[in-house]
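Accompanying notes for the structure given below.
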Amino acid sequence: MENHPYAPAEIEPYWQAEWQKKEAFKVPNDIEILKTKPKFYVLGMFPYTSGAGLHMGHAKNYVPTDVLANFRRMQGYHVMHPMGWDAFGLPTERYAVRENEHPAHVTKRNTETFQQQIQRIGLSYDWSRKIDTSLPEYYRWTQWIFLRLYENGLAYLADVPVNWCPALGTVLSNEEVKDGKYVETEDPVERRLMHQWMLKITAYAERLLEDLDLLDWPEGLKEMQRHWIGKSEGADITFKIRDSKEVFTVFTTRPDTLFGATYCVLAPEHPLVSEITHPDAAAAVNAYVKAAVNKSDLQRTDLATEKTGVFTGAYAIHPCNDAPIPIWVADYVLMTYGTGAIMAVPGHDERDHEFASTFGIPIVEVIKGGEKPIEEAPFEGDGVCVNSGFLNGLQVAEAKEKMIAWLESEGKGARQVQYRLRDWLFSRQRYWGEPFPLAHLEDGTIVQLPDEVLPVELPPIDAYKPTEDGKPPLARADAEWLKVTLPDGSVATRETNIMPQWAGSCWYYLRFLDAHNTEAPFDTALERYWMPVDLYMGGAEHAVLHLLYARFWHKVLYDAKLVSTQEPFQGLLNQGTILAESYQDAAGKYYYPHEVEQNDGKAVAKTSRVPLQTQMEKMSKSRFNVINPNDVIDNYGADALRLYLLFIGPVTASTPWQDAGVEGVYRFLQRVWRLVIDEDSGELSEKLTDAAGTTDPELWRELHKTVKQVTEDTESIDKMNTAISQMMIFVNTATQAKSLSKETLKIFLHLLSPYAPHIAQELWHRLGETGFIAQAQWPTHDASVLTSATVTIIAQVNGKLRNRLQLPAEATDKEIEEAALADERVQRFIEGKPIRKVIVVPNRLINIVV
RNA sequence: GGUCGAGUGGUGGAAUCGGUAGACACAACGGACUUAAAAUCCGUCGCCCGUAAAAAGGUGUGAGGGUUCAAGUCCCUCCUCGACCA
């Protein structure tokens, strides 16, 4: 009977408590002490603290970052590795309304649960730096940074069409709306013009684009950001309108096709529409404009949908040949992109071609090179200009330049750069968010509140919904809060919008550096020491928006000389998602695994016996396939959870969860345990000796091989799975050894410690060491131990493996060739045929071509 | 529809600069131990052919073609899946 087996449930809570009590992972805030060592800042994206608690995706993010933090710490770095809560936001507010609780109470409970769950994983956070974006001591500085944006003219009010959800009484972002419904509740969403705060992120478009080159990010991710910013170069072209003084401007990336423009289109929202529409067409145009307003941008621009539009009865004048071209109104042109008007070239643009075909508008070929006649299909490729006056015979690139030069000289247009990126809609009509530090004077002027009065705290209100007259929930606050006396004695009304959920996460990585500063958002010297973040890791769902918003704020802070780096996140990785089997019936209804049984290899529902489809999908509550990290810890311990998450594949790969795989790493940990502890007695294993590690050269060599590989694989982050493989190989070898040097074992425990900190610490302690192995020095490998006297040379004939030869490491090419030719098996395949060529790859192989 | 990424045993995945395909695990199977089971330990484990058992051989990284002494890796065409954008 084993009386003293590996028992993670006993050792893990003990060491977690010790680490916390002795503040093992606390980093000093004293800049003089910090300067004595190099720094490493590793950050996992902080969680949104919903009531659902920690899920496997969080663990898949926080475990690898923790391994890296442990590793760098042991290598002698000061490591910034903090954790906090993204706590403002709509889900919490909705939950609070449902349960009739204050969102602050809900948040407090949720964050406590999160912290408890995270701590059970044994992550080495410096908890003294914990932040919560919904606490006044934090959002005071979010407001403070907003004022810096405001002062620089980067925040403004505008009437913009927004996604308005009447049921929720709030504006939603485009990401929250799909098919005209709020993604979470399926409540219908309509388009509405509203007075909203906007942030001028477009002013930074070029830098946000260019500075991507400075970053060590995966190329695909940079590409996504570039695409989102969407820079296109072309020209603005001004069109006159026949029988009118009005003109309108279009943006085009294809000025070379101007001669092919056979109609123009104004967006339904374009201010000129009502001005120029011919009285005969007014009724049809008005009706069309009204209908278009409620469609989403996606509905309007989708290539698959039928093109619609109406003719205004008005004509534009072609800038080159004064030909009249009809002006239409169509909803595939958006007011929010470019100028809200286009010149349509059906011969060389897919949408224009479809539209022209539908409405019988002429299609003119101006670039030669299409495979089909221009009436059948548009040609968007490169070619030679035709039917284009002074452009005839030119290639597209030359024609663009010549046309732009001509437009500029004639005063009819100009070179122009256009971005797809829009300004950022920055206000919400909700409660649970940061109030704006602004107020409105009676005459309509907006004034910023002085820094000294921050934070503007959220007032208590009786209901978290808009007022009857459509004002945001904060307008329900009492007069004492709503009225504010300014330094000059005048009285103003507070802004009652709040900031969106993104605001708090735009700068939290800076607050961690100096989390309790009451004088400033952070100390400048600390910022200069720690920034930039060396590795930022999070889910791919944040690849665009969060990262773009945070980069934007950071650049504003940089311009205000508040931070020292152009970019916040030097390194970045997206961890892969965890997949799990899900079960669905023909109607699309999901079933929990415990409701399913296997029948002849096919899944069926236990009660109804209906056949089910089995598929690998991302773990999520709605798919009924979630495995809770805390359940895994209950059964196997945190070290097994950590190892398993890393062992199933590269950190960045999406991999399926398999319960059996956890058993595998659990067995590995048991083998590690048995290397040190005799399970019968609970004492140290009798195999352990005080002899030097070198007394077992074979194991000593395997150890050094392991040191080398674990160091390299951990450093590269994405190879932590093979680091664990090598540790397994070492443990398998050590298990078979008759005796085991404590020296060897202790070196191994260093390697294991970042990955499985609890067991490493416990065994370290049992071996008589004091203190924390997590604070010990990372071992280095001795290259001379790894070199060996003989090497295995692969002998190939015509590229096919025929034998393996053991040869002295210093054998010359000539000697290798002789040995290979003398080999019996090799000879059998040469069979006296003439040798045409011999290739020798040093220390690796020889290939004989016959 | 476009852009990017990926397809390797029954499964998750290894494989440096093009140089031993399948490391390490899981599952499965066989054996030892046990009254029995679990646990543990030892062994087998791509496919084909072959054998009493081996050895030897052939073939094999989604499909087809190419470059090379040598291709999972490089190039071309196609298929499938995923992510992002429209």
Side-chain angles (χ1 to χ4, degrees), chain A residues 1-2 5-6 218-230 296-305 332 334 337 350-351 354 380 420 539-545 574 576-579 581 601 615-618 643-650 652-668 670-671 674 679-680 706 709 712-713 716 719-733 735-736 791-805 824-825 828-829 835-850:
Chain A
M1 264 298 278
E2 295 122 15
Y6 168 51
E219 202 44 48
L221 207 113
K222 289 189 190 178
E223 207 44 54
M224 276 164 66
Q225 292 235 335
R226 283 190 196 110
H227 202 228
W228 190 264
I229 295 166
S296 74
D297 290 359
L298 188 61
Q299 279 173 309
R300 286 169 54 169
T301 54
D302 193 341
L303 285 170
T305 56
Y332 77 98
L334 301 175
Y337 182 74
E350 198 178 339
R351 279 175 217 175
E354 202 186 321
E380 296 183 326
R420 202 185 76 97
E541 65 273 21
H542 297 298
V544 175
L545 294 181
N574 291 131
T577 49
I578 303 255
L579 314 169
E581 278 193 342
Q615 58 220 333
M616 270 297 169
E617 289 189 283
K618 184 176 174 176
L643 277 186
Y644 177 65
L645 283 171
L646 297 166
F647 185 61
I648 41 173
T652 55
S654 294
T655 38
W657 180 272
Q658 291 175 319
D659 285 325
V662 188
E663 301 260 8
V665 294
Y666 184 61
R667 281 204 279 266
F668 163 69
Q670 290 175 309
R671 283 203 298 279
R674 285 195 296 265
E679 288 186 315
D680 293 330
T706 307
Q709 189 171 337
E712 289 170 0
D713 289 355
S716 80
K719 285 188 159 193
M720 290 182 179
N721 54 334
T722 49
I724 295 171
S725 295
Q726 183 56 42
M727 287 193 272
M728 286 173 168
I729 293 170
F730 172 81
V731 169
N732 291 345
T733 314
T735 301
Q736 281 165 3
V791 288
T792 306
I793 300 287
I794 302 305
Q796 294 181 334
V797 178
N798 285 347
K800 288 210 167 86
L801 172 72
R802 294 308 174 188
N803 209 351
R804 298 175 169 83
L805 309 173
E824 186 205 335
R825 285 210 219 159
R828 212 187 306 162
F829 287 89
I835 293 165
R836 288 193 10 230
K837 203 168 179 182
V838 174
I839 288 133
V840 177
V841 182
N843 289 329
R844 203 170 281 265
L845 64 72
I846 173 164
N847 189 14
I848 299 162
V849 186
V850 296

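Residue numbers begin at 1 in each chain, while the letters A, B, ... track the order of the sequences.
Checking B/C69, B/U20, B/U40 against every side-chain atom of A/Ile794, the shortest atom distance belongs to B/U20. Nearest nucleotide to the A/Met728 side chain, out of B/A25, B/U40, B/G19: B/A25. Here the side chain of A/Met224 is nearest to one of B/C84, B/U20, B/A23, namely B/C84. The side chain of A/Lys837 sits closest to B/C69 out of B/C69, B/C24, B/A27.
In terms of position on RNA chain B, the residue among A/Val841 and A/Val665 whose nearest nucleotide sits closer to the 5' end is A/Val841. Looking at which nucleotide of RNA chain B each of A/Gln796 and A/Ser725 is closest to, the 5′-most match is held by A/Gln796.
As rounded to whole Å, 11 Å separates atom C1' of B/G18 from atom CG of A/Leu845. Straight-line distance from the CH2 atom of A/Trp657 to the P atom of B/A27: 15 Å, rounded to whole Å. The nearest whole Å value for the distance from the CZ atom in A/Arg836 to the C1' atom in B/A70 is 13 Å.
B/G12 and B/G22 are spaced 13 Å apart, taking the C1' atom of each and rounding to whole Å. Comparing the same atom, C1', in B/C76 and in B/G82 gives a spacing of 24 Å after rounding to whole Å. Spacing of C1' atoms, B/G5 relative to B/G9, comes out at 24 Å, to the nearest Å. To the nearest whole angstrom, the two C1' atoms, one in B/U11 and one in B/C49, are 27 Å apart. Taking atom P on both nucleotides, B/G57 is separated from B/A21 by 13 Å, rounded to a whole Å. For B/U61 and B/A71, the P atoms lie 11 Å apart once the distance is rounded to whole Å. Taking atom C1' on both B/C45 and B/C24, the two are 15 Å apart, rounded to the nearest angstrom. Only the C1' atoms considered, B/G46 is 14 Å distant from B/A28, to the nearest whole Å.
At the heavy-atom level, A/Arg226 lies nowhere under 4.0 Å from the strands shown. Looking at heavy-atom distances under 4.0 Å, A/Gln736 makes contact with sugar-phosphate atoms alone, never a base. At a threshold of 4.0 angstrom between heavy atoms, the contacts of A/Glu663 with the nucleic acid are absent. Within 4.0 Å (heavy atoms only), A/Arg804 reaches at least one base atom of the nucleic acid.
Ion pairing between A/Glu354 and A/Arg351 fails under the 4.0 Å rule for side-chain N and carboxylate O.
The side chain of A/Arg667 places no N or O atom within less than 4.0 Å of a non-bridging phosphate oxygen (OP1 or OP2) of B/A39. Under 4.0 angstrom from either OP1 or OP2 of B/A70 there lies no side-chain N or O belonging to A/Arg802. For the OP1/OP2 pair of B/A83 and a distance below 4.0 Å, the side-chain nitrogens and oxygens of A/Asn574 include no atom meeting the criterion. Between B/G1 and A/Arg351, no contact under 4.0 Å exists linking OP1 or OP2 to a side-chain N or O. Proximity of A/Arg844 to the phosphate of B/A15: no side-chain N or O atom is located under 4.0 Å from OP1 or OP2.
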Apply the test side chain to side chain contact (heavy atoms under 4.5 Å, CB included) to residues A/Leu645 and A/Ile578: give CA-CA distance (whole Å), side-chain angles for both, the deciding distance (0.1 Å), then the verdict.
CA-CA 9 Å; A/Leu645 283 171; A/Ile578 303 255; 3.6 Å; yes
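Annotation: side chain of A/Gln726 is in contact with side chain of A/Ile729 (closest heavy-atom distance under 4.5 Å). Using a 4.5 Å cut-off on side-chain heavy atoms (C-beta onward), A/Leu845 and A/Gln796 make contact. Between A/Ile724 and A/Met727 there is a side-chain heavy-atom pair separated by less than 4.5 Å. Between A/Met224 and A/His227, the closest side-chain pair of non-hydrogen atoms is not below 4.5 Å.
Between the side chain of A/Tyr644 and the main chain of A/Tyr666, no donor-acceptor pair closer than 3.5 Å is present. Not one N or O on the side chain of A/Asn803 forms a donor-acceptor pair closer than 3.5 Å with the backbone of A/Ala795.
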With the criterion being N/O to N/O and under 3.5 Å, what pairs connect the protein with nucleotides 10-14 of chain B, and how long is each?
unit_1, atom_1, unit_2, atom_2, d
B/U11, O2', A/Gln658, NE2, 2.6
B/G12, O2', A/Ile648, O, 2.8
B/A14, OP1, A/Asn721, ND2, 3.2

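Syn is the classification of B/C17, since its glycosidic angle stays within 90° of 0. For B/G9, the O4'-C1' to base torsion is within 90° of 0; the nucleotide is therefore syn.
In RNA chain B, consecutive stretches of 3 or more Watson-Crick or G-U wobble pairs with both distances under 3.5 Å are given as paired ranges: B:1-7 with B:79-85, B:10-12 with B:24-26, B:28-32 with B:40-44, B:46-48 with B:57-59, B:62-66 with B:74-78.
For the side-chain contact (heavy atoms from CB on, under 4.5 Å) test, residues two or more places apart in sequence or in another chain that qualify with A/Lys837 are A/Ile839, A/Val849.
Minimum heavy-atom separation, A/Trp228 to A/Arg420: CE3-NH2, 3.0 Å.
Note that CZ of A/Arg671 and CZ of A/Arg674 are 7.5 Å apart. Values are rounded to the nearest 0.5 Å.
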